[in-house]
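Here's the structure, in structure tokens; my notes come after.
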Amino acid sequence: MADKILLEDLRPAEGSTSKSKRVGRGRSSGHGKTSCRGHNGEGQRSGRTSKRGFEGGQMPAYRRLPKLKGFQLINQRNYAEINVGRLAELEITEISLESLKEIRKAHPSCDGLRILGNGEIKKAINVKASYVTPSAKEKIEAAGGKVELV
């Protein structure tokens, strides 16, 4: 039982503590006279406090840096948007996000497809998308195609 560590035997780790600076104890101490506060001014007085972010008169970081406008959504979806007129130019008849990624018409980071109604379409195509505008849906179905929301 001699290996037991007692509370009174505990010591701080080597080098983790240091003596506090003793100021105002005479010139020979090296911290006499002004007690490391310098001559006159705000820092020399007792009770000195500076406001949060104060950098000694230098332009503070919160004023130097550009401000962000609005807010950032944490789970924002990145949509690939394509007009009906552009769909007519493609050689494929099954339009989905995966098929557009294969032919490199949609960015790989996109996780949704939106079909917009600008342009005309004459051939029948099947579309699987996250969102289709009412005018785009009308044009696709008028050309003999089908629209499926995924």
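When reading the values below, keep in mind they use all heavy atoms of this one structure, side chains included, and skip hydrogens, waters and symmetry mates.
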Inset, instruction - Give a yes or no on whether Arg22 atom CZ has more than 12 heavy-atom contacts from other residues, nucleotides or ligands under 6.0 Å away. - result: no
Legend entry - Gap between atom CD of Glu102 and atom CD of Glu98 - 0.5 Å precision: 8.0 Å
Legend entry - Any donor-acceptor N/O pair, Arg27 side chain to Lys33 backbone, under 3.5 Å: no
Legend entry - Leu68, CG atom: more than 12 neighbouring heavy atoms under 6.0 Å: no
Legend entry - Nearest heavy atoms of Leu97 and Gly112, plus distance in Å: CD2-N, 3.5 Å
Inset, instruction - Indicate yes or no for a side-chain donor-acceptor contact from Lys122 to the backbone of Ala88 under 3.5 Å, with no hydrogens or angles considered. - result: no
Inset, instruction - Count the heavy atoms of every other residue, nucleotide or ligand shown that sit under 6.0 Å from CZ of Arg114, and state whether that count exceeds 12. - result: yes
Inset, instruction - Could you pull out the closest heavy-atom pair between Cys36 and Val23, with the gap in Å? - result: SG-CG1, 4.1 Å
Inset, instruction - Would you name the heavy atoms of Pro12 and Thr17 that are closest together and state the gap between them? - result: CB-CG2, 4.0 Å
Legend entry - Point-to-point distance, once rounded to the nearest 0.5 Å, from CG of Leu113 to OG of Ser99: 8.0 Å
Inset, instruction - Supply the atom-to-atom distance Ser135 OG to Ile115 CD1, rounded to the nearest 0.5 angstrom. - result: 11.5 Å
Inset, instruction - To the nearest 0.5 Å, tell me how far Ser130 OG sits from Tyr79 OH. - result: 5.5 Å
Legend entry - Glu138, CD: over 12 other non-hydrogen atoms inside 6.0 angstrom: no
Legend entry - Cluster link Ile92 to Val127, ILVMFWY, side chain under 4.5 Å: yes
Inset, instruction - Please report the shortest heavy-atom distance between Gly53 and Pro60, naming the atom on each side. - result: O-CB, 3.4 Å
Legend entry - Heavy atoms of other groups near Lys128 NZ, more than 12 under 6.0 Å: no
Legend entry - Any donor-acceptor N/O pair, Asp111 side chain to Asn78 backbone, under 3.5 Å: yes
Inset, instruction - Please report the closest heavy-atom contact between Lys139 and Ile121, naming both atoms and the distance. - result: O-CG2, 3.6 Å
Legend entry - Side-chain ion pair, Arg64 and Glu55, N-O less than 4.0 Å: yes
Inset, instruction - Measure the spacing between NE2 of His107 and CG of Leu100 and express it to the nearest 0.5 Å. - result: 14.0 Å
Inset, instruction - Answer yes or no: is there a side-chain heavy-atom contact under 4.5 Å between Thr34 and Gln44? - result: no
Inset, instruction - Could you state whether Leu149 and Ile125 fall into the same hydrophobic cluster, counting links through intermediate Ile, Leu, Val, Met, Phe, Trp or Tyr residues with side-chain heavy atoms under 4.5 angstrom apart? - result: yes
Legend entry - Working for side chain to side chain donor-acceptor pair (under 3.5 Å), residues His31 and Ser29: CA-CA 5 Å; His31 302 301; Ser29 71; 6.0 Å; no
Inset, instruction - Could you grab the distance from atom OG1 of Thr133 to atom CD1 of Ile140, nearest 0.5 Å is fine? - result: 8.0 Å
Inset, instruction - Please check if atom NZ in Lys51 has more than 12 non-hydrogen atoms from other residues, nucleotides or ligands closer than 6.0 Å. - result: no
Legend entry - Under 3.5 Å: donor-acceptor pair, side chain of Arg37, backbone of Gly43: yes
Legend entry - Close side-chain approach of Ile82 to Leu87, heavy-atom, < 4.5 Å: yes
Legend entry - Enclosure of Lys123 NZ (heavy-atom neighbours >12, cutoff 6.0 Å): yes
Legend entry - Heavy-atom neighbours of Glu8 CD exceed 12 at 6.0 Å: yes
Legend entry - Any side-chain heavy-atom pair of Lys105 and Leu90 under 4.5 Å: yes
Legend entry - Connected via hydrophobic side-chain network under 4.5 Å: Val84 and Ile103: yes
